[in-house]
Amino acid sequence: MDWSFFVGHVNYWLFVVLMMTGLYVVVAKGNLVKKIVGLNMFQTAVFMLYISMGKVHGGTAPIFPTDMKIDPATVYTNPLPHVLILTAIVVGIATTALGLALVVRIREEYGTIEEDEILEIEQDMASEENRIHGQAMGGRA
Amino acid sequence: MATESVHDVALTLHDQLPILQLVVPFLAAPLVMVVGAGRGVAWLIAFLASLAAFAISALLLAQVIDGGFLSYQIGGWAPPLGIEYRIDAVNAFLLFLISGVSTLVLPFAYESVKAEIAERNQALFYTCYLLCFAGLLGVTITGDAFNVFVFLEISSLSTYAIIAAGADRDRRALTAAYDYLVMGTIGATFFVIGLGLLYMMTGTLNMGDLADRIAPQTDNRTIQAAFAFIVVGMGLKIAIYPLHLWLPNAYTYAPSAVTAFLAATATKVAVYVLLRFSFSVFSPGFAFENYTYELIILPFAILAMFAASFIAIFQTDLKRMLAYSSIAQIGYMLLGLSLMNASGLAATMVHLFNHGITKAVLFMGVGALTLRAGSSFYASIRGMGRAMPLTAAAMVVGGLSLIGVPGTAGFISKWVLVQAAFEKGWWPVAFLIVLSSLLAVVYVWRFVETLYLHEPARDAAEAPLTMVVPIWITALACVWFGINTDITMTAANTAAETLLSGSTGLAEPSPWTSALPAGEASH
């Protein structure tokens with residue numbers, strides 16, 4: 001693994017770093033909005049992976065001349081990954097929007113968007129349920 | 001380019017069935033939203049769309065049940081450039097299950113949704129339901145790898161929304177939906193990274209074409225990484241044992257109709273995607289894949305069978321108990337898959353179907369009990385077997401099928417699975433299958449005992465007819481497919497053979513492919 005290998009794959013290194021950062025934020029942050037931001041970074045990293053692999057050495061923008069006289073010697077960049085990623089961007093936006101909408105609703109119902117506080121509230125709800133229903137089943141629970 | 005010639009190809013309605021399968025629910029979804037207010041109408045449109053999809057899937061299944069496949073080119077663009085819908089016994093069987101379950105769940109949903117979801121949200125609920133339904137059908141029908149991701153996200157996003165709709169009853173539905181959103185998105189993104197790596201190595205996204213181009217380079221590290229990403233991504237969606245954390249809450253707090261539908265279809269579709277990629281895209285001879293199944297998936301599948309069943313026994317809520325039981329049952333499906341032989345795959349396919357209808361009965365039964373008793377806690381449904389004899393009796397049938405008692409659908413799948421394990425010479429595995437079924441006896445007995453052997457906790461009427469009828473149709477289906485296995489076993493065996501024979505490769509090029517400029521025909 002020499003220097004040129006490292007520099008030549010800089011897009012991919014950045015992809016890996018960005019992806020892992022996003023994943024880390026999702027796991028490590030307790031704030032629900034921050035988790036969505038992390039998720040978004042994670043998805044954005046994938047866009048970078050796809051766009052990088054569409055690049056062809058010495059390739060130009062994949063736009064045919066208007067007269068459609070295509071010079072076979074011209075090398076074009078592969079546009080397909082870009083198109084795929086357009087779809088993935090739309091998916092990412094929809095996911096972010098839905099996630100944030102859920103956070104708004106959670107804030108309305110729980111009064112907080114901190115994961116540990118929500119968990120505490122839910123733990124109380126669950127142990128209350130277990131107490132009532134455990135006793136009703138004849139156990140000590 | 002060459003689009004003129006597309007119009008020359010005369011197609012009858014019959015040839016258009018593969019696309020109609022999707023278009024009908026997709027168009028019905030916005031229609032439901034526009035019609036809105038009159039919820040009877042919204043429901044009726046949803047039901048008719050689902051019924052139409054069911055009829056179409058039955059016609060498709062009839063065409064491929066004896067082998068072979070149908071290839072449909074979207075917009076007349078030939079694969080691998082265009083998107084192809086490829087229907088063989090494997091996905092036709094799944095389409096039949098999804099649309100069948102949906103058609104049974106919707107009549108049930110009419111009363112259940114009325115009781116559980118605020119009136120102003122009901123039309124939107126049916127819209128999301130139809131989108132989810134259409135998305136699941138799309139994942140199943142398509143022969144294009146990236147298309148799988150798109151449909152998967154369509155179904156997932158609408159799934160998160162309809163799970164959150166349970167918030168009218170319990171606010172924990174919101175956090176359940178949020179958790180599922182985070183984990184589901186990570187899963188889908190892993191999947192799409194896997195696809196990206198595959199595209200990098202092959203330059204194609206058509207499954208048949210992918211298979212042809214992967215075959216010569218299975219030792220390639222990128223291909224192996226792609227496989228790993230796809231397995232983990234789909235594993236999150238399937239709820240393979242350590243990746244199952246979203247499932248219990250999502251199933252418990254979602255509206256009853258949603259749980260019945262999702263439990264019977266969503267995880268099954270994810271299992272199908274895993275099957276499709278493991279056998280039709282990656283070849284069964286791919287050593288890396290064999291190791292993955294034998295050394296990773298198999299132990300986790302067995303762990304799921306025991307751990308999840310064990311947790312299920314100690315639940316105080318019937319719905320949550322069934323959710324854990326689902327995780328255990330997914331273990332059986334993955335076990336069949338990791339046997340990597342024809343009978344193991346047939347067991348997986350037949351268990352997909354049988355467990356789908358079994359869980360549909362049970363979750364619909366829970367929905368009916370919830371409607372009358374207010375919740376699905378054991379304490380509140382005590383003695384309801386006397387107040388609601390029809391619902392409770394159907395649930396007993398479902399419970400027996402869950403255990404795998406002879407004469408029910410569940411028996412067939414466990415029988416085939418045990419046979420497959422013996423065939424492979426793994427008799428300890430066969431023993432473990434039987435042993436874990438004993439745990440199912442315990443948790444099923446627990447709810448049967450609660451329903452019948454207690455004084456009724458309250459006076460309650462039998463569930464409305466719109467619930468009892470679909471519940472009983474599904475319960476009778478559990479018995480029918482336990483006695484008459486013609487359809488299920490034929491389809492499952494054909495499916496297993498189809499999968500094991502590997503990829504069918506690219507479909508025959510369409511007559512106008514040659515009209516394309518050279519260089520356009522390949523990447």
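These figures come from a predicted structure and were not determined experimentally. No hydrogens, no waters, no symmetry mates; every other heavy atom, side chains included, goes into these values. Numbered from 1 within each chain, the chains take letters A, B, ... in sequence-line order.
A 4.5 Å side-chain heavy-atom check between A:Phe15 and B:Ile193 finds at least one atom pair inside the cut-off. You'll find the side chain of B:Leu181 reaches within 4.5 Å of the side chain of A:Ile36, heavy atoms only. Under the 4.5 Å side-chain criterion, counting only non-hydrogen atoms from C-beta, B:Val150 is not in contact with A:Val91. For the pair A:Glu129 and B:Thr316, the minimum side-chain heavy-atom distance is 4.5 Å or more. Using a 4.5 Å heavy-atom cutoff, the side chains of B:Tyr180 and A:Leu102 are not in contact.
For A:Leu32, the parts lying under 4.5 angstrom from a heavy atom of chain B are both the backbone and the side chain. Heavy-atom distances place both the backbone and the side chain of A:Ile106 under 4.5 Å from chain B. With a 4.5 angstrom heavy-atom cutoff, B:Tyr178 touches chain A via backbone and side-chain atoms both. For a residue to count as touching a neighbouring chain, one of its non-hydrogen atoms must lie under 4.5 Å from one of that chain's; by this rule A:Thr87 touches chain B with the side chain only. Only the side chain of B:Asp170 comes within contact range of chain A, with at least one heavy atom under 4.5 Å from a heavy atom of that chain. Contact annotation for A:Leu39: only side-chain heavy atoms (C-beta onward) come within less than 4.5 Å of a heavy atom of chain B. Proximity to chain A involves both the backbone and the side chain of B:Leu195, based on heavy atoms less than 4.5 angstrom apart. Only the side chain of A:Leu23 has a heavy atom closer than 4.5 Å to any heavy atom of chain B.
Interface remark: of the candidates B:Glu153, B:Arg171, B:Met200, B:Arg171 forms the most heavy-atom pairs closer than 4.5 Å to chain A. Among B:Asp317, B:Val192, B:Val182, the residue making the largest number of heavy-atom pairs under 4.5 Å with chain A is B:Val192. If you tally non-hydrogen atom pairs under 4.5 Å between each of A:Glu115, A:Met19, A:Arg105 and chain B, the highest count goes to A:Arg105.
Considering CZ of B:Phe149 and CG of A:Leu84, their distance stands at 10.0 Å, rounded to 0.5 Å.
Across all non-hydrogen atoms, the minimal contact from A:Leu80 to B:Leu205 is CD2-CD1, 4.2 Å.
Under the 3.5 Å distance criterion, with hydrogens and angles disregarded, a donor-acceptor pair is assigned to the side chains of B:Thr175 and A:Glu122.
Within residues 46-56 of chain A, the residues having any heavy atom under 4.5 Å from a heavy atom of chain B are, by residue number, A:Val46, A:Leu49, A:Tyr50, A:Met53.
Crowding of A:Met20 atom CE: a count of heavy atoms from other residues, nucleotides or ligands under 6.0 Å not exceeding 12. Within a 6.0 Å sphere centred on CD of A:Glu120, other residues, nucleotides and ligands contribute 12 heavy atoms or fewer. Heavy-atom neighbours of A:Tyr24 OH from other residues, nucleotides or ligands within 6.0 Å: at or below the threshold of 12.
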